[in-house]
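All residue numbers refer to positions in the sequence shown, counting from 1. Below, all heavy atoms of this structure are taken into account, side chains as well, without hydrogens, waters or symmetry copies.
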Amino acid sequence: MSRIFITGSTDGLGLAAARTLMKEGHDVVLHARSRERASAIAETSAAALGLVIGDLASATETRSIAEQVNAIGRMNAVIHNAGIYLERSRGETPDGHAKTLAVNVLAPYLLTAWITRPDRLVYLTSGMHRSGSSALDDIDWKKRPWNASQAYSESKLYIATLAAAVARHWPDVLSNAVDPGWVPTKMGGAGAPDDLEMGHLTQTWLATSDAEAAKVSGGYWYHRQRREAAEVTDTGFQDALVRRLAGLTGVRLFEEGG
């Protein structure tokens with residue numbers, strides 16, 4: 001039995017992963033953005049180990065989420081599932097960041113730093129990461145005209161790269177990125193063609209399985225198959241990104257390269 005924390009677990013892939021893990025006998029800590037969102041999963045949360053509440057768009061609330069999780073106890077795995085898709089505008093978080101960057105990248109970066117280090121980390125990315133730019137001078141979209149699709153693609157490139165950087169810097173942790181595919185969730189839309197079940201079962205497998213195939217680190221996964229992601233494994237890009245995220249958040253993740 002493992003103890004797993006899942007961000008964004010009130011609907012979609014996060015909720016499906018939580019229910020699967022609980023059915024398998026694992027202890028799951030759920031996360032909701034607000035108490036209103038939490039009320040929608042009252043039945044599931046009643047059977048969970050815990051429920052933490054906080055908005056990932058805010059660094060202060062993200063810190064509170066980490067503190068709530070740490071108060072429950074050390075997790076065996078953390079699944080960074082939460083994310084937002086096509087925002088109509090850059091937005092402005094309480095910390096002055098673009099909302100897509102804050103929720104999809106800065107929050108998981110901060111949680112990785114603040115939550116007591118688990119045995120396994122799983123970060124959700126997307127095949128759209130291939131359209132992301134490796135230029136890091138304006139990742140917060142303060143100079144460029146807003147482009148929602150490009151901002152999302154870049155955020156998914158960054159989160160997959162972060163997963164690979166964690167795998168390199170923390171050899172005692174199994175850190176992997178998962179592309180769930182274009183699945184029929186609220187984010188993906190009802191007409192999405194990919195397999196919803198495989199979308200979340202890859203996450204749960206990497207978080208808990210004792211199979212040798214799952215006990216690896218630094219992988220980019222799609223439906224339990226490893227895929228190549230050359231830009232993600234570029235160590236120079238990894239270090240440059242981590243330095244940039246440290247500069248934006250004021251939080252250093254690694255002793256070196258951060």
_Between R244 and D137, is the salt bridge (Lys or Arg N to Asp or Glu O under 4.0 Å) condition met? List the steps._
CA-CA 9 Å; R244 191 78 176 92; D137 59 314; over 6 Å; no
*Just jot down the side-chain hydrogen bond (donor to acceptor under 3.5 Å, both in side chains) partners of N81, sequence neighbours excluded, or say none.*
none
Salt bridge (charged side-chain N to carboxylate O under 4.0 Å, His left out) partners of [X], counting only residues at least two apart:
X    : answer
E36  : none
E24  : none
R117 : D172
R19  : none

Mind listing the side-chain donor-acceptor pairs of residues 98-105 below 3.5 Å, one per line with the distance, residues two or more places apart or on another chain?
from, atom 1, to, atom 2, distance (Å)
N104, OD1, I84, N, 2.9
N104, ND2, I84, O, 3.0
N104, ND2, S155, OG, 3.1

*Apply ring-ring contact (aromatic ring centres under 6.0 Å, His included) to W205 and list each qualifying residue two or more places apart in sequence or on a separate chain.*
W221
*asked:* According to ring-ring contact (aromatic ring centres under 6.0 Å, His included), who are the partners of H129, at least two apart in sequence or on a separate chain?
replied: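 Residues passing ring-ring contact (aromatic ring centres under 6.0 Å, His included) with H129: Y220.
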*Work out which heavy atom in A38 is nearest to a heavy atom in L51; give both atom names and the distance.*
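Smallest heavy-atom distance, with atoms named: CB-CD2, 3.6 Å.
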*Could you list all the salt bridge (charged side-chain N to carboxylate O under 4.0 Å, His left out) pairs where at least one residue sits in residues 74-86, not counting sequence neighbours?*
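Sorted pair list: R74-D119.
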_Pairs involving residues 45-62, ordered by first then second residue, that meet salt bridge (charged side-chain N to carboxylate O under 4.0 Å, His left out) (sequence neighbours left out)_ = none
*What pairs of residues pass the ring-ring contact (aromatic ring centres under 6.0 Å, His included) test when at least one of them lies in residues 39-82, not counting sequence neighbours?*
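For residues 39-82: H80-Y123.
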*Going by the ring-ring contact (aromatic ring centres under 6.0 Å, His included) test, which pairs reach into residues 48-72, not counting sequence neighbours?*
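Pairs touching residues 48-72 that pass the test: none.
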*asked:* Quick test of your reading of the model: are K156 and D179 salt-bridged, counting only N-O distances below 4.0 Å?
replied: no
*Kindly compute the distance separating OG1 (T60) from CD1 (I65), expressed to the nearest 0.5 Å.*
11.0 Å
*asked:* Using side-chain heavy atoms (C-beta onward) and a distance below 4.5 Å, is L248 in contact with H97?
replied: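 Touching, per the 4.5 Å side-chain cut-off.
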*Geometric class of the Y152/Y85 ring pair [parallel <30°, tilted 30-60°, perpendicular >60°]*: perpendicular
